[in-house]
**Q** 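First the structure, which I've put down as structure tokens, then a few questions once you've had a look.
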Amino acid sequence: MAELKEEDVGQLHQEDADDRGGKDLQAVSGAVEETNGQTASSSAASCDIVETEGSHGQTSVTVGPERHISIQSTLEGLENLVDLNGAGRKSCPLCPEEKFKACYSHKLRRHLQNLHWKVYVEFEGQKMCICHLPCRQHRPSPGADQAAGRLVAHYHCVVCSVTIARKTDMISHLKRHINKGETEASYSQNTDMMDQEPVRAGQAYEIMKELGTNVQLLPNHSTPQKTDTYFNRKMKTNRQLVFCSLAVLAEERSPLECLDAFGATGIMGLQWAKHLRGAVKVTINDISEPCVKMIKENCQLNHIRVDGSRTTPRPAEGQGDADAPFATVEVVKMDANVIMHLRAFDYIHLDPFGTSVNYLDAAFRNVRNLGIVSVTSTDTGSLYSKSLNVTLRHYGCQIVRTEYYRELAARMVVASVARAAARCNKGVEVLLAVALEHFVLVVVRVLRGPTQADEASKRLRQLLHCQWCEERVFLKPGSMVEESLYRQLPCQCHGSMPGKTAVELGPLWSGPLFNTGFLRRMLVAAVQHSMEDLQPLLKTLICEADCTTVKSFSVTGTPGLVECGVVIKTLQKVEEADSNDHSGKRKSGEDSGSVVKKLKTEASQDHPPFYYSIHRHSIRGMNMPKLNKFLQYLTEAGFRVSRTHFDPTGVRTDATLEQFKSVLTKYSVPTYSNTQSGGHSVPVATDEAGRMVN
């Protein structure tokens, strides 16, 4: 076989290349034969010689280890190594004959399950069963007899094919592979993937598809400290919300110049270009060279042309020009602050690893009028009151842990965004503020002019929070004496409790966190692009923005869509901006003012700030009503009420805490307990604080 390979290589190379290639092939084949001679033919780790032809007629020979037979994904795969359905005695494929003699099928099946499969080590879906073949021999100590070493049970590593005796040592060995970014795919590459896209030496990619966009991922893509191209699968909702907000802006005016300041794998910018096509001009930026290379490779994978590149992705076989590049993106390697200072954009998305306050000043420097800035913050430690010193350092806010800490974090991020915009003589209109899982997303529209900046700055206020009952209220602007601050709280804890019961938090954003009209159009975009998992969240946000439990999202305008039994009618489009606006120049005062007035008509009545948790304020000894029933009771009492996405047990209402508790107490049923007198059940009386009374 080696001689035939040498002849084939000799036809393509020069004589000197022939001699070197033949010697290499002979050495590889000799090593394989020597390994096969030392071990059993059924279990030896052989080498696979792959011969590929390059574009210039050159052939490269790559050698890769095959997977050992002790590595299987299922128990059926291990049992298929032997024909257990046949008659007669059969030998174990993972034990030598002297250790386990041939036996019948039922006994061999129990042997494979109890000895080999039961103690496997799992890694990325592959089970490494214990092996007793003579792949590894015990090395005697230097002072002992130099006889043939005894056989040792061992595991074969799925990554590097090394043999390790102990299970705990194998687990530690696999952890070192994970820290280095090495996985099983690094040694067994998929040939189909290699045909689609060239793979760099020593790297293995995983193809992930989201919203019709394919991206390549490194094995350690989920570990930010170990990889340059970080990708988080749990941020899918964040990417969909950002996409819908950009789609709504693209309906107002196009083409848009949009920037993904932190590209990483480039999936967000590629989704924009692939689905919005000519309505957007996408720029993907990242300061890391490996990320830039990965983004360009992902562009070729999705048949998107990179602006300025001479090569275009080749169409798939049999499809002709069907897969020709249908969009163009610009990939830039630059610091995010630098590119936002140098160029003007209509849409900017910031998603750094951690806090985003370091990039807000640059983002509002050149963003165009009526443009949108979306900010994603993942520093939950400082946002959710776990690191108060970091919160003060990054956001300049004093906060404590409260029942409404998620909305507190969202208002804190909006406050920092509003301050950064005001420093550039720009105001903001909050379109969306969401706090889900481990991120906070804020989407704002930029309004140019010092008047708009002053209006936004007036909404930054201090929050007075009672630490006893958790009642809260925004302080009115103006300096006040400390004793009169407590008079603004609806509760009476200051008069009945000794000492100071309230703390001053902030400064925070006191305005609304949602724009109802914008959310409705985002819902339409989600329906059009088949984002089924995002639609329930958007419907919840619309109800929360209106502070209502009504689920009929109908708005006067054009004929709407029907989704999940809900009639969704779209709003009339805002008049397209003048073409001169795309040059970065400010519109005239009359035109700009008319557009701002139309945008303000989309915003409904301001929803009540913050929410109450029904479990936090439940009365001890009382069975509270179901949440939906309780919402109905509050509505019948004359209060605005809705559920909130911040907390599944939270209730957003304009009622004070005292009114909230009174309705909860009215419709709560006492818990009955057995008493010693006659064994009858009698109700237990409690006060408003939940304490039992006589």
Side-chain angles (χ1 to χ4, degrees), residues 230 232 235 237-246 248-249 256 258-264 268-269 272 283-286 335-337 339-341 345-368 370-384 390-391 394-397 406-424 426-447 453 456 459-460 507-509 511-515 518-519 522 541 645-646:
Y230 176 65
N232 190 352
M235 297 289 284
T237 304
N238 178 275
R239 288 187 286 268
Q240 290 179 342
L241 288 171
V242 173
F243 175 85
C244 291
S245 63
L246 178 60
V248 172
L249 183 62
L256 296 175
C258 49
L259 170 67
D260 183 8
F262 301 89
M268 188 171 293
W272 299 349
T283 301
I284 306 177
N285 175 73
D286 204 289
D335 184 84
N337 284 321
I339 189 174
M340 288 186 292
H341 273 288
F345 294 96
D346 299 286
Y347 190 98
I348 296 177
H349 176 63
L350 301 177
D351 186 10
F353 181 72
T355 182
S356 56
V357 294
N358 300 327
Y359 307 95
L360 294 179
D361 290 333
F364 288 99
R365 176 67 181 271
N366 282 332
V367 62
R368 294 193 175 101
L370 303 180
I372 290 180
V373 176
S374 59
V375 179
T376 300
S377 300
T378 56
D379 53 332
T380 55
S382 57
L383 291 175
Y384 293 163
V390 182
T391 305
H394 286 171
Y395 299 96
C397 294
R406 290 185 182 272
E407 184 172 348
L408 197 68
R411 292 185 178 275
M412 188 164 50
V413 175
V414 176
S416 61
V417 169
R419 284 195 298 267
R423 286 192 289 268
C424 299
K426 297 174 182 177
V428 295
E429 177 194 5
V430 182
L431 304 176
L432 174 67
V434 174
L436 294 174
E437 295 184 4
H438 55 280
F439 72 89
V440 175
L441 173 64
V442 172
V443 181
V444 298
R445 190 189 296 272
V446 180
L447 307 175
R459 293 182 178 268
L460 301 180
L508 303 171
W509 175 261
L513 297 179
F514 312 101
N515 185 297
F518 192 84
L519 289 174
M522 285 182 62
L541 294 176
H645 80 282
F646 291 110

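Bear in mind the structure is a predicted one, so any value in this text is a computation, not a measurement.
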**Q** Which atom pair, heavy atoms only, marks the closest approach of Tyr347 to Ser374?
**A** OH-OG, 3.3 Å

**Q** Determine the sole option in Ile284, Leu246, Leu256 for which the side chain to side chain contact (heavy atoms under 4.5 Å, CB included) test with Trp272 is passed.
**A** Leu246

**Q** Looking only at atom types and distance, does a side-chain atom of Arg459 sit under 3.5 Å from a main-chain N or O of Trp509, one as donor and one as acceptor?
**A** no

**Q** Looking at Asp286 and Ala264, would you say the former's side chain and the latter's main chain have a donor-acceptor pair under 3.5 Å?
**A** yes

**Q** Keeping Asn366 on the side-chain end and His341 on the backbone end, is there a donor-acceptor pair under 3.5 Å?
**A** yes

**Q** Can you tell if the side chain of Ile348 reaches within under 4.5 Å of the side chain of Tyr359, non-hydrogen atoms only?
**A** no

**Q** Going by heavy atoms in the side chains, are Leu383 and Ser377 under 4.5 Å from each other?
**A** yes

**Q** Considering all heavy atoms of both residues, which atom of Leu432 and which atom of Phe514 are nearest to each other, and what is their separation?
**A** CD1-CD2, 4.3 Å

**Q** Are the side chain of Arg445 and the backbone N or O of Gly427 linked by a donor-acceptor pair below 3.5 Å?
**A** no

**Q** If I compare all heavy atoms of Ala453 with all of Ala422, which pair ends up nearest, and what's the gap?
**A** CB-CA, 4.1 Å

**Q** Is there a side-chain contact between Val417 and Val373 in this structure, where contact means two heavy atoms from C-beta onward sitting under 4.5 Å apart?
**A** no

**Q** Please report the shortest heavy-atom distance between Ala410 and Val442, naming the atom on each side.
**A** O-CG2, 4.3 Å

**Q** Ignoring hydrogens and geometry, is there a side-chain-to-backbone donor-acceptor pair from Lys426 to Arg365 under 3.5 Å?
**A** yes

**Q** For residues Phe262 and Thr376, determine if any side-chain heavy atom of one lies less than 4.5 Å from a side-chain heavy atom of the other.
**A** no

**Q** What's the spacing between Arg411 CZ and Leu460 CG if we round to 0.5 Å?
**A** 11.5 Å

**Q** Indicate the atoms forming the closest heavy-atom contact of Met412 with Ser382, along with that distance.
**A** CE-O, 4.2 Å

**Q** Just so I know, are the side chains of Asp260 and Thr283 near enough to count as touching, which here means a heavy-atom distance under 4.5 Å?
**A** no

**Q** Could you report the tightest heavy-atom contact between Ile372 and Ser245, atom names first, then the distance?
**A** CD1-O, 4.3 Å

**Q** Apply side-chain contact (heavy atoms from CB on, under 4.5 Å) to Phe439 and Asn232, showing your working.
**A** CA-CA 11 Å; Phe439 72 89; Asn232 190 352; over 6 Å; no

**Q** When rounded to the nearest 0.5 angstrom, what distance separates CG in Leu436 from CG in Asn238?
**A** 9.0 Å

**Q** Would you sort out whether Val390 and Asp379 count as a side-chain contact (heavy atoms from CB on, under 4.5 Å), showing the intermediate values?
**A** CA-CA 10 Å; Val390 182; Asp379 53 332; 5.8 Å; no

**Q** In this structure, which one of Asp361, Asp335, Asn285, Leu350 forms a side chain to side chain contact (heavy atoms under 4.5 Å, CB included) with Met340?
**A** Leu350

**Q** What distance do Leu249 atom CG and Met522 atom CE have between them, rounded to the nearest 0.5 Å?
**A** 12.0 Å

**Q** Any donor and acceptor pair, going by atom type alone, linking the side chain of Asn515 with main-chain N or O of Phe518 inside 3.5 Å?
**A** yes

**Q** Hey, does the side chain of Arg419 reach the backbone of Tyr395 with a donor-acceptor pair shorter than 3.5 angstrom?
**A** yes

**Q** Starting at CZ of Phe243, measure out to CE of Met268 and round the result to the nearest 0.5 Å.
**A** 11.0 Å

**Q** Return the NE2 to CG distance between His349 and Leu441, rounded to the nearest 0.5 Å.
**A** 7.0 Å

